[in-house]
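Below is one structure; the comments refer to it alone.
Every chain is numbered from 1 and lettered A, B, ... according to where its sequence line falls, protein lines coming before strand lines. Since the model is a prediction, treat every value here as computed from it, not as a measurement. Every heavy atom of this structure was used, including side-chain atoms; hydrogens, water molecules and symmetry mates were not.
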Amino acid sequence: MVITRFAPSPTGYLHIGGLRTALYSYLWARKNGGKFLLRIEDTDLKRNSIEAAKAIEEAFEWVGLEHDGEITYQSKRFDIYKSYIQKLLDEDKAYYCYMTKEELDKLRESQMKAKQRPRYDGRYRDFKGTPPEGVKPVVRIKAPTNETITFDDGIKGEISVNTDDVMDDFIIARSDGTPTYNFVVAIDDHDMSVTDIIRGDDHLSNTPKQIVIYKALGFDIPRFYHIPMILNPSGKKLSKRDGAMDVMEYKKEGYLPEALLNFLVRLGWSHGDQEIFSLQEMIELFDPKDINKSASAYNAEKLLWLNSYYIKEASYERVIKELKYFDVDLSSIDKKEILIDSLRERAKTLKEMAQKTKNILDRPKNYDEKAVKKFLKNDAKEIAEKFLIYLQEYKGKLRTPLEFEEALKDFMEKNSLKLKNIAQIIRISIVGTAVSPSIYDIMAVVGKDELITRIKNLINFMEVNNE
RNA sequence: GGCCCCUUCGUCUAGCGGUUAGGACACUGGCCUCUCACGCCAGUAACACGAGUUCGAGUCUCGUAGGGGUCACCA
């Protein structure tokens with residue numbers, strides 16, 4: 001049984017790096033038919049963990065990751081931590097330290113002055129005397145001295161450190177009795193039966209400390225996988241300044257969740273030359289041993305490319321559903337399939353697609369200045385008027401793009417016009433700019449009557465504009 | 001600074017002792033064309049450096065340089 005977990009601290013939202021870690025944990029659990037657990041690391045009571053949990057669940061729901069079982073809140077487990085601390089105290093594997101914060105700071109300072117590494121000196125490690133009055137003690141663990149700790153990281157390989165280099169008798173309970181991070185992580189991962197810990201490699205240096213706790217309590221040590229960080233495009237650590245850290249921000253910007261997941265899974269992981277992965281394929285193919293050792297930079301263009309790929313692949317129903325989020329309701333539009341197909345080729349995000357949809361569905365409020373200057377000159381007005389009359393007198397069916405195309409061809413033939421002479425005039429009349437999908441498509445989408453109205457409007461505009 | 005980790009095109013990566021070092025994004029050119037896109041075709045572009053091991057090294061070993069992480073009564 002493989003049990004993985006995702007254990008964010010409640011910052012209020014799920015960020016992109018966290019989502020990738022969660023995704024890897026999720027995939028590995030699902031691939032092995034195991035469980036994927038969620039835990040909120042809220043030992044710092046000042047932060048609102050309920051809000052954070054909600055935000056994370058909302059993000060998980062959007063991308064389609066499901067965690068198993070109830071969410072574990074560390075804030076509700078203080079009694080459990082306390083009993084484990086007492087156990088270590090009773091077994092003489094931990095001890096009270098009466099050194100005050102001031103004394104500690106002083107010690108640190110003098111060590112730094114002597115160019116030594118700041119380090120607790122272990123003065124209460126074997127203390128038997130009467131404790132000083134009025135000092136609330138912290139609890140420190142008796143960390144092994146000059147011992148080599150070795151573990152086999154599933155990504156980085158064998159890692160081995162000397163305890164003297166990386167730890168002192170670190171604090172497991174503060175003077176107010178609350179437990180510290182490295183302690184609770186070890187307890188929780190054990191209590192939740194986590195077998196495979198997948199986390200960012202910024203935790204690599206915490207691992208030996210947690211192993212010390214595992215050993216002191218006689219717990220089995222899980223497998224560790226330390227995945228490299230995600231860097232910003234300039235190769236620095238990703239921070240809020242780089243924008244769009246919140247996963248839900250991607251929804252607002254018009255990204256499809258499958259594009260985001262596909263992008264994230266390929267950041268640091270690959271399967272040969274394959275670029276496109278459905279969630280199902282990811283589950284089948286994912287293996288942490290294929291994760292790269294080095295950090296990878298966030299590449300916004302690739303995400304956009306992936307997003308446009310998935311927009312092109314999406315069903316009509318899906319597109320209509322997603323567009324509603326951007327206040328565009330296509331469900332009752334007659335030629336919605338034509339509209340969707342011509343727009344999905346031109347939009348990299350749903351947000352963009354929604355805007356372009358509005359540009360076609362709504363009458364132009366004004367006409368693009370450059371387009372007017374370039375295309376509405378000479379006999380443009382005359383051509384527009386002729387075409388207007390032609391449309392008004394047209395007897396045949398005029399509904400599909402093909403029918404519009406044939407009508408236009410007939411019109412051009414009768415008036416010895418080239419497509420170049422009229423295409424932009426029609427386009428501007430419909431959308432107000434010189435850029436749009438095929439004029440046949442948009443003529444069919446707005447329909448004959450609306451087309452006539454828009455051409456009239458343009459003629460009016462040209463009249464006014466010329467005076 | 002100590003300790004730990006990392007290093008293939010600009011970016012994401014393939015490679016697991018013998019390859020014209022492959023793919024993708026981006027970029028450039030071409031085709032298509034009613035504009036803009038899509039699509040298709042083509043092109044530019046990388047093994048950080050230095051020693052070894054080996055008949056042979058991007059691949060193994062060791063250095064050097066550079067980058068990152070971490071050293072709290074934060075998580």
Please work out if A/N292 contacts a base, only the sugar-phosphate, or nothing of the nucleic acid, heavy-atom cut-off 4.0 Å.
-> sugar-phosphate
Using 4.0 Å as the upper bound for N to carboxylate O, is an ion pair formed by A/K374 and A/E369?
-> no
Looking across every strand, which nucleic acid part, if any, lies under 4.0 Å from A/V161 by heavy atom: base, sugar-phosphate, or nothing?
-> sugar-phosphate
Would you call A/R346-A/E352 a salt bridge at under 4.0 Å N-O?
-> no
Decide if the gap between the ring center of A/W269 and the ring center of A/F277 is smaller than 6.0 angstrom.
-> yes
Comparing A/Y298 and A/V166 on RNA chain B - which has the more 5′ nearest nucleotide | A/V166
Electrostatic pair A/D42:A/K76 at N-O distance under 4.0 angstrom = no
Complement of B/rC49, any strand, by Watson-Crick or G-U distances under 3.5 angstrom | B/rG63
Output the single nucleotide from B/rA37, B/rU13, B/rA72 whose closest atom is nearest the side chain of A/R108.
-> B/rA72
How many Å lie between NZ on A/K101 and P on B/rA72, as a whole number?
-> 11 Å
Looking only at side-chain atoms of A/R117, point me to the closest of B/rC71, B/rC3, B/rC73.
-> B/rC71
B/rG15 to B/rG1 separation - P atoms, rounded to the nearest Å | 35 Å
Using a heavy-atom cut-off of under 4.0 Å over every strand shown, decide if A/L267 touches base, sugar-phosphate, or nothing.
-> sugar-phosphate
Check every strand shown and say whether A/K237 touches a base, only sugar-phosphate, or nothing at a heavy-atom separation below 4.0 Å.
-> sugar-phosphate
Looking only at atom types and distance, does a side-chain atom of A/N182 sit under 3.5 Å from a main-chain N or O of A/Q210, one as donor and one as acceptor?
-> no
Does A/R77 pair with A/D191 as a salt bridge, N-O distance under 4.0 Å?
-> yes
How would you label the contact of A/S438 with the nucleic acid (heavy atoms, under 4.0 Å): base, sugar-phosphate, or nothing?
-> base
Name the closest nucleotide to the A/D273 side chain, picking from B/rU35, B/rG23, B/rU13.
-> B/rG23
In terms of the nearest nucleotide of RNA chain B, which residue is placed more toward the 5' end: A/V435 or A/K156?
-> A/K156
Using the P atoms only, state how far B/rC12 lies from B/rG17, rounded to an integer number of Å.
-> 25 Å
For A/E301, answer base if it contacts any base atom (sugar-phosphate contacts may also be present), sugar-phosphate if it contacts only those atoms, and nothing otherwise; contact means non-hydrogen atoms under 4.0 Å.
-> sugar-phosphate
Write down the distance separating the P atoms in B/rU61 and B/rG10, rounded off to the nearest Å.
-> 26 Å
Which one, B/rA75, B/rC38, B/rC4, comes nearest to the side chain of A/K348?
-> B/rC38
Under 4.0 Å: is that the gap between some side-chain N or O of A/S205 and OP1 or OP2 of B/rG69?
-> no
Is any side-chain nitrogen or oxygen of A/K312 closer than 4.0 Å to OP1 or OP2 of B/rG39?
-> yes
Counting heavy atoms from C-beta on, name the nucleotide in B/rC3, B/rG69, B/rU11 closest to the side chain of A/A297.
-> B/rU11
Across the strands shown, which category fits A/S296 at heavy-atom distances under 4.0 angstrom: base, sugar-phosphate, nothing?
-> sugar-phosphate
